**Student:** 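Sharing a structure here in structure tokens format.
Within every chain, numbering begins at 1; the chains are lettered A, B, ... in the order of the sequence lines, protein sequences first and strands thereafter. From a predicted model like this one, the values you see are computed outputs, not experimental measurements.
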Amino acid sequence: MAIETGTETVKRGLAQMLKGGVIMDVVTAEHAKIAEDSGACAVMALERVPADIRASGGVARMSDPEVIQRIMDSVSIPVMAKVRIGHFVEAQILESMGVDYIDESEVLTPADVDHHISKWDFKVPFVCGCRDLGEALRRLGEGAAMIRTKGEAGTGDVVEAVRHMRSVMGEIRKLQNMPDDELMSEAKNLGAPFELLKETRELGRLPVVNFAAGGLATPADAALMMQLGADGVFVGSGIFKSEDPGPRAHAIVKAVTNYNDPAILAEVSRGLGTPMAGIAVTSIPKEEQLATRGW
Amino acid sequence: MITIGTLALQGDFAEHEAMLRRLNVNTRQVRSANDLTGIDGLILPGGESTTFCNLMQNFDLYEPLAAVVRSGVPTWGTCAGMIVLARHAGDLEFPTLGALDIEVSRNAYGRQVESFEADLSVAALGEPPFHGIFIRAPVVLSVGPGVNVLATVTGGSLRDSPVAVRQDTVMATSFHPELTNDERFHAYFLDIVREAGSSVGK
């Protein structure tokens, strides 16, 4: 019997298994356990959550493998970890450790301003951020198996997540009404690979799973992103920078499952304590916004 | 017309629904006990088993789901769904439904880089082989006397182990037919549903 590993199908397939779920940023094994016990479908192993990366400045890199290993050893759900944009050696290291998904992330300081990683070269699947459809399809062209809208990480302000999700979904709606003879010029305008654009038009959605990320802090934020068309959500600083992480994490999981049921959303939003303080995206100078990293 | 419920707490229930619609049956997403009323069959999809169990506990779904399976409504679990149906599931920190007399070990084929595809010969479906997509799949360690093994994976570094099993009206696969374009496993499940329906005089 021929056994094939690392195929596009199994890479994209794991993301399909995560749908309708919440992926949580964690920095310790204890956090990871709280996330798993709260119903997270996966965790993102980090040294610092984005809010702390933003506050401390400096160069943000792949986490210490020991931190990641401790988290992998503490939970049974999939473990993701971040590498710098273009830093394919950090990715090789994470692959060798058996990390389940790699996030080539704008939250870390880019290693290459022109080139993202050629993700086809890896057995481990990659998720990449996007602000619009063109960026999403460029990442797919490089071999990403999952997409997330970038939002603005570490802010607790959902406005950019909404902007990016509306942009992707709006462009897909526009594509669906577009005649064949306009498609090539649309590919040129978006900077998107033509074949992937055509596939997206036929499917009426991205060819891979698309999660929302960057600035979600409440159950209502998570449900908002689901109603806008996200397949699931990443919550970073929003959980472990809040007053009472466990109950908030659990509430966000329940909100994603029941995103269309306002009565349940009201119920799960009660008495969660103070959310992360946050920082309005409008107060951050453009050049300090993480979403502008990558292209 | 037949209505198939899909447990819609988390996971790839939409992929199952798309396949079921191609086979012209009604689908219903199950998030509460009320959603189980009147369904002819039930699918527990792929996803994360700890997330499923967590939400089943939270929304008081354990007993209603177990009751539906016990009442003879045909039920099929894929991957995480198989884990939830099993009698015993290794290190899972939640109870299972115990509807299927098998013992499984979670993620025992390895982490994601060991996820694999393999062609399976399935006598119940005939030729050609069915393309199995295994994603952090559970390994079936043992099956009880009343359980029929429908397919086995062999070769490579993998131990020979059952990957599709059936016990009366309860079926489980450790792989994901809903991620293929091959409708045969879903059609086979609908045959079980139709047989069960006619036997209670519907």
**Student:** For each of B:N58, B:L179, B:L92, tally heavy-atom pairs with chain A at distances under 4.5 Å, and name the one with the top tally.
**Tutor:**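 When all of B:N58, B:L179, B:L92 are compared, B:N58 has the most.
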
**Student:** Can a donor-acceptor pair be found, under 3.5 Å and without considering hydrogens, that links the side chain of B:N54 to the backbone of A:D37?
**Tutor:**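 Checked: pair present.
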
**Student:** Top residue by heavy-atom pair count (under 4.5 Å) with chain B, among A:V10, A:T7, A:D231?
**Tutor:**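 Ranked by contacts with chain B, first place is A:V10.
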
**Student:** Distance-only, no hydrogens or angles: does the B:R111 side chain make a donor-acceptor pair with backbone N or O of A:D100 under 3.5 Å?
**Tutor:**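 Not at all, since once roles are kept as given, no pair shorter than 3.5 Å links the two residues.
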
**Student:** Distance from B:I135 atom CD1 to A:L18 atom CG, nearest 0.5 Å?
**Tutor:**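 Those atoms lie 9.5 Å apart.
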
**Student:** Spell out, as yes or no, whether a donor-acceptor pair under 3.5 Å connects the side chain of B:Q112 to the backbone of A:P125.
**Tutor:**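 Not a single qualifying donor-acceptor pair exists.
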
**Student:** So how far is it from B:S49 OG to A:I77 CD1, rounded to the nearest 0.5 Å?
**Tutor:**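 So the gap between those two atoms works out to 10.0 Å.
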
**Student:** Using 0.5 Å steps for rounding, measure from the CD1 atom of B:I133 to the CZ atom of A:R12.
**Tutor:**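 The distance works out to 12.0 Å.
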
**Student:** Is a donor on one side and an acceptor on the other found under 3.5 Å between the side chain of B:Q10 and the backbone of A:M17?
**Tutor:**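 A pair under 3.5 Å: yes.
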
**Student:** Quick check: do A:S76 and B:T50 have side-chain heavy atoms less than 4.5 Å from each other?
**Tutor:**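 They are in contact (side-chain heavy atoms under 4.5 Å apart), so the answer is yes.
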
**Student:** Quick check on B:E178 against chain A: is it the side chain, the backbone, both or neither that has a heavy atom closer than 4.5 Å?
**Tutor:**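 The side chain, not the backbone.
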
**Student:** Using only atom types and a distance under 3.5 Å, with no angle test, would you say the side chain of B:T51 pairs donor to acceptor with the backbone of A:A40?
**Tutor:**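 Confirmed, B:T51 side chain pairs with A:A40 backbone.
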
**Student:** For B:R22, does the CZ atom sit with more than 12 other heavy atoms under 6.0 Å from it, leaving out its own atoms?
**Tutor:**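 Count over threshold, so yes.
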
**Student:** OH of B:Y188: more than 12 outside heavy atoms within 6.0 angstrom?
**Tutor:**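 Buried by this count: over 12 neighbours within 6.0 Å.
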
**Student:** Should we count CG of A:D73 as having more than 12 external heavy atoms under 6.0 Å?
**Tutor:**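 Yes, CG of A:D73 has more than 12 neighbouring heavy atoms, counting only those of other groups under 6.0 Å.
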
**Student:** Chain B heavy atoms under 4.5 Å from A:V209: which part of the residue, side chain, backbone, both or neither?
**Tutor:**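 For A:V209, there is no contact with chain B at all, as no heavy atom is under 4.5 Å.
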
**Student:** Applying side-chain contact (heavy atoms from CB on, under 4.5 Å), can you list everything that pairs with B:R31, at least two apart in sequence or on another chain?
**Tutor:**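 Partners of B:R31 by the side-chain contact (heavy atoms from CB on, under 4.5 Å) criterion, ordered by chain and then number, come out as A:T257, A:N258, B:A8, B:F13, B:Q29, B:D35.
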
**Student:** Calculate, to the nearest 0.5 Å, the distance between atoms CZ and CD1 belonging to B:F116 and A:I3 respectively.
**Tutor:**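 Answer rounded to 0.5 Å: 5.0 Å.
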
**Student:** Salt bridge between A:K19 and B:E15, side-chain N to carboxylate O under 4.0 Å?
**Tutor:**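 Salt bridge flag = yes for B:E15 with A:K19.
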
**Student:** Run the numbers on A:V253 and B:L55 for side-chain contact (heavy atoms from CB on, under 4.5 Å), then give the verdict.
**Tutor:** CA-CA 9 Å; A:V253 169; B:L55 290 166; 3.9 Å; yes

**Student:** Could I get the full list of salt bridge (charged side-chain N to carboxylate O under 4.0 Å, His left out) partners for B:E93, not counting sequence neighbours?
**Tutor:**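 Salt bridge (charged side-chain N to carboxylate O under 4.0 Å, His left out) check on B:E93 returns A:K33.
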
